[in-house]
Amino acid sequence: MARRYLLWFAQEHLDFRHAEMHSIISMLNIPIKFIENPSINLPYWIVELPSEFCAKQIASRSVLLKNCLELWSRAKSEAKLHENLKCSVKNKSGKWIIPNHNIEISESDICPSELLDAKFSYLPLEGAVNLNKPDVTLSYIEFYGVDPNNVPQQPCDLFFGKWIADGQRDLIKFHTLKKREFIGNTSMDAQLSLIMANQAQVAPGDVVLDPFVGSGSLLVSAAHFGGYIWGADIDFMMLHARTRPTRVGQKVRNKEESIRGNMRQYGIMSQYLDVLVSDFSRPLWRQDLKFDALITDPPYGVREPTEKIGIEKDNYTLSEQHLDNHIPSKVEYGLPHIYSDLLNFAAQHLNIGRRLVCWYPLVRDEYLEEQLPSHPCMQLVGNSEQVLSRMTARRLLTYQKISDDIPNMPHDPHGAAHNFRDKYFAVGEISRREKKERRAEEIAKTAFYLKAKQEECNKK
Ligand SMILES: C[S@@+](CC[C@H](N)C(=O)[O-])C[C@H]1O[C@@H](n2cnc3c(N)ncnc32)[C@H](O)[C@@H]1O
C-alpha cells in the first residue's frame, strides 16, 4: 500500500537533483507521486511510494539524497504537528494515520517514551531500547529555511516520522580523489562521477565505455554500481600513468598507479575489462558491438588538447623505411566534431533505451538549448549546469537512445561549444586584468586612508 515519504536532499548541485532522481526512479521502475510540487529552494520532497522497499532502493543509489523518512506528521507549527500526531495515536485501529488524508502510515513502532522529549510523551511507545542497534529510529525535524543569513525565530516547517534509509553520501568520502592512488589533472570528483553513473542508469552486469577515459575516474563509479568497464584514450602516457604526477610535492608516479590499480584499491577489480590506446575519431570497435552505457568527459581544449590523428598536408604518404618507428602526427579535433562523433557513436553502439552521459563546456551568456548537440536517434533527457566561473559553465547532458534508424549525422559547425577554448582564455584575460585593477584600487584606497590618518595625528 502506498505511503508518504519525506526525501531530504543535500543542498548542493541543485540543478542535478531532478536528473539524478528521475534517472534512478525510471531505472528501478518505481511509480512516484508528488504530494507537493517540489521546489528547488527547498531541500526536501514529499512523495508517495508503493512501499518501504522502494524507498530503500532509491536511497541505495542516490548520492544527492541525504535520507528518507516515512512521514507520520508534518505541519507549519509545533502545535499542529502534535495535533496531527495525537489524532493518529487516538485512531482506534491502532495504526498511524495522517488526519484529513486518511492514509495509513505505519504500525505504532516501539521505543520508550522517556527517551523522547516530554512534548512527545503521549506517543504509545513501549518496550526495551537498544541504542547501539535500534530497531526503529524516529526523527523530528525543524526546518528554518536555507538562508543562513536570514534565520527565522520559529521553524517554518516541522516533520516527524520513521527513518527508513540514508542516501549514498558516504560514497563521496570513500571515493574521494584525495586518497585515490591514480589521478590526473582532469579527474572528475567523486560526487559528480557517481551522479553520472546514476544518470547513465548503470546496473549490475552492464558493459560501460568511457571513450575519453583519462585517469578513469568515471569508471570507478560505474564499476561501483556493478558495471563492467572499458576505457579508451589517445594519450599513451596517461593510460600507462606515465604523465607528470598531479599531486603537489610528488616527483614520480608510483609503479602501482593505473586505472586497474584504482579498481583494486576499491575492491572492484572483477569489474575491470581493459583500457586501450585509441583515437576516438577512428573507432576500433566492431560495428555490431553494443554497450549498455557511455559515460565521458571529452577534452575541452583547456587543460588538455583536443586532438586526433591526422596531418595537414594533402596526399601525404609514408616511406617504407619510416613505417616501423613512425609516430603519427595529430591535428585539431574541434568540439563540434567530437560531439557529433560521440552522438553518432552512441546511436550506433547503444541499445534502445540506454544512455550516453557527457559533459559539454560553454560560455554562459551564449547558451542556447537549441544549439546543444543533437541526433535523431538520441533524445536529450537530462541537462544540468555546473558553473565553472563567472562566464563559463559545463552542462551534464544525458541522451537516451530512442530509435535504431541509425543515420550518420554530419557535424554541426554552429554548435555552441564551437570555439570554447578561445572564449575561455579571452574570459580568463579579462578576469586577470580585472583582478589586477581591483588590487591596485585597494592598495590606492589603503594608502589614501593611511595618509588621512597620519594627517589627523599630525594635527593633534
Ligand atoms: C577531460 S579528459 C578526461 C578525464 C577523465 N574523465 C579522468 O577521469 O581523468 C579528456 C581525455 O580525452 C583524451 N583525448 C583527447 N583527444 C582524444 C581522442 N581523439 N581520442 C581519445 N581520447 C582523447 C585526453 O587524452 C584526455 O585524457
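Heavy-atom basis, side chains included; hydrogens, waters and symmetry copies ignored. All ligand and atom numbering here is 1-based and tracks the order in the structure.
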Trainee: If you measure from the Lys or Arg side-chain nitrogens to the Asp or Glu carboxylate oxygens, is any gap between Glu385 and Arg364 under 4.0 Å?
Mentor: yes
Trainee: Hey, is ligand 1 close enough to Lys308 that some N/O pair sits below 3.5 Å?
Mentor: no
Trainee: Atoms of ligand 1 less than 4.0 Å from Ser215 heavy atoms?
Mentor: 7 (C), 8 (O), 9 (O)
Trainee: Which atoms of ligand 1 sit under 4.0 Å from any heavy atom of Ser187?
Mentor: 7 (C), 8 (O), 9 (O)
Trainee: Which of the numbered atoms in ligand 1 are under 4.0 angstrom from any heavy atom belonging to Asp279?
Mentor: 18 (C), 19 (N), 20 (N)
Trainee: Considering only non-hydrogen protein atoms, determine which one is nearest to atom 17 (C) of ligand 1 and report residue, atom name and distance to 0.1 Å.
Mentor: Ile234 CG2, 3.5 Å
Trainee: Does ligand 1 have any atom that is closer than 4.0 Å to a heavy atom of Thr306?
Mentor: no
Trainee: Within the side chain of Lys290, is there an N or O that forms a donor-acceptor pair under 3.5 Å with the backbone of Gln348?
Mentor: yes
Trainee: Do the side chains of Glu369 and Arg395 get close enough for a salt bridge, i.e. N-O under 4.0 angstrom?
Mentor: no
Trainee: Between Asp166 and Lys66, is there a side-chain N and carboxylate O pair less than 4.0 Å apart?
Mentor: no
Trainee: Should Glu70 and Arg4 count as side-chain neighbours, where that means a heavy-atom distance under 4.5 Å?
Mentor: no
Trainee: Any nitrogen or oxygen of Ser281, main chain or side chain, under 3.5 Å from a nitrogen or oxygen of ligand 1?
Mentor: no
Trainee: With heavy-atom distances below 4.0 Å as the criterion, list the atoms of ligand 1 near Tyr333.
Mentor: 19 (N)
Trainee: Provide, to 0.1 Å, the distance between atom 16 (N) of ligand 1 and the closest protein heavy atom, together with that atom's residue and name.
Mentor: Glu307 O, 3.3 Å
Trainee: Which atoms from ligand 1 have a heavy atom of Gly214 less than 4.0 Å away?
Mentor: 9 (O), 27 (O)
Trainee: Name the closest protein heavy atom to atom 10 (C) of ligand 1, giving the residue it belongs to and the distance to 0.1 Å.
Mentor: Asp297 O, 3.5 Å
Trainee: Starting from atom 20 (N) of ligand 1, find the nearest protein heavy-atom neighbour and note its residue, name and distance.
Mentor: Phe280 N, 2.9 Å
Trainee: Specify the protein heavy atom at minimum distance from atom 4 (C) of ligand 1: its residue, its atom name, and the distance to 0.1 Å.
Mentor: Thr186 OG1, 3.4 Å
Trainee: Can you report which non-hydrogen protein atom sits closest to atom 8 (O) of ligand 1, along with the distance?
Mentor: Ser217 OG, 2.4 Å
Trainee: I'd like to know whether the aromatic ring centres of Tyr228 and Tyr272 sit less than 6.0 Å apart in this structure.
Mentor: no
Trainee: Give the atom numbers and elements of ligand 1 that come within less than 4.0 Å of a heavy atom of Val213.
Mentor: 5 (C), 7 (C), 8 (O), 9 (O)
Trainee: Is it true that Glu36 and Arg74 have a side-chain N and a carboxylate O under 4.0 angstrom from each other?
Mentor: yes
Trainee: List the closest protein heavy-atom neighbour of atom 26 (C) of ligand 1: residue, atom name, distance to the nearest 0.1 Å.
Mentor: Asp233 OD2, 3.5 Å
Trainee: Run the contact test for Ser278 against ligand 1 with a 4.0 Å cut-off on heavy atoms, strictly below, and give the result.
Mentor: yes
Trainee: Can you list the atoms of ligand 1 that are under 4.0 Å from a heavy atom of Asp235?
Mentor: 25 (O)
Trainee: Is there a heavy atom of Ala232 sitting under 4.0 angstrom from any atom of ligand 1?
Mentor: no
Trainee: Check Ile234, Leu342, Asp297 against Phe212 for a side-chain contact (heavy atoms from CB on, under 4.5 Å) and give me the one that passes.
Mentor: Leu342
Trainee: List the atom of His349, the atom of Arg286, and the distance in Å for their closest heavy-atom pair.
Mentor: CE1-O, 3.0 Å
Trainee: Is the shortest side-chain N to carboxylate O distance from Glu12 to Arg169 below 4.0 Å?
Mentor: yes
Trainee: Checking ring-ring contact (aromatic ring centres under 6.0 Å, His included) against Phe9, which of Tyr44, Phe16, Trp45 comes through?
Mentor: Trp45
Trainee: Just checking Phe159 against Tyr140, ring centres under 6.0 Å apart?
Mentor: no
Trainee: Is Pro299 in contact with ligand 1, taking contact as a heavy-atom separation below 4.0 Å?
Mentor: yes
Trainee: Indicate yes or no: does Arg354 engage Asp206 in a salt bridge with an N to O separation below 4.0 Å.
Mentor: yes
Trainee: Can you name the atoms of ligand 1, numbered from 1 with element, that are less than 4.0 Å from a heavy atom of Pro211?
Mentor: 21 (C), 22 (N)
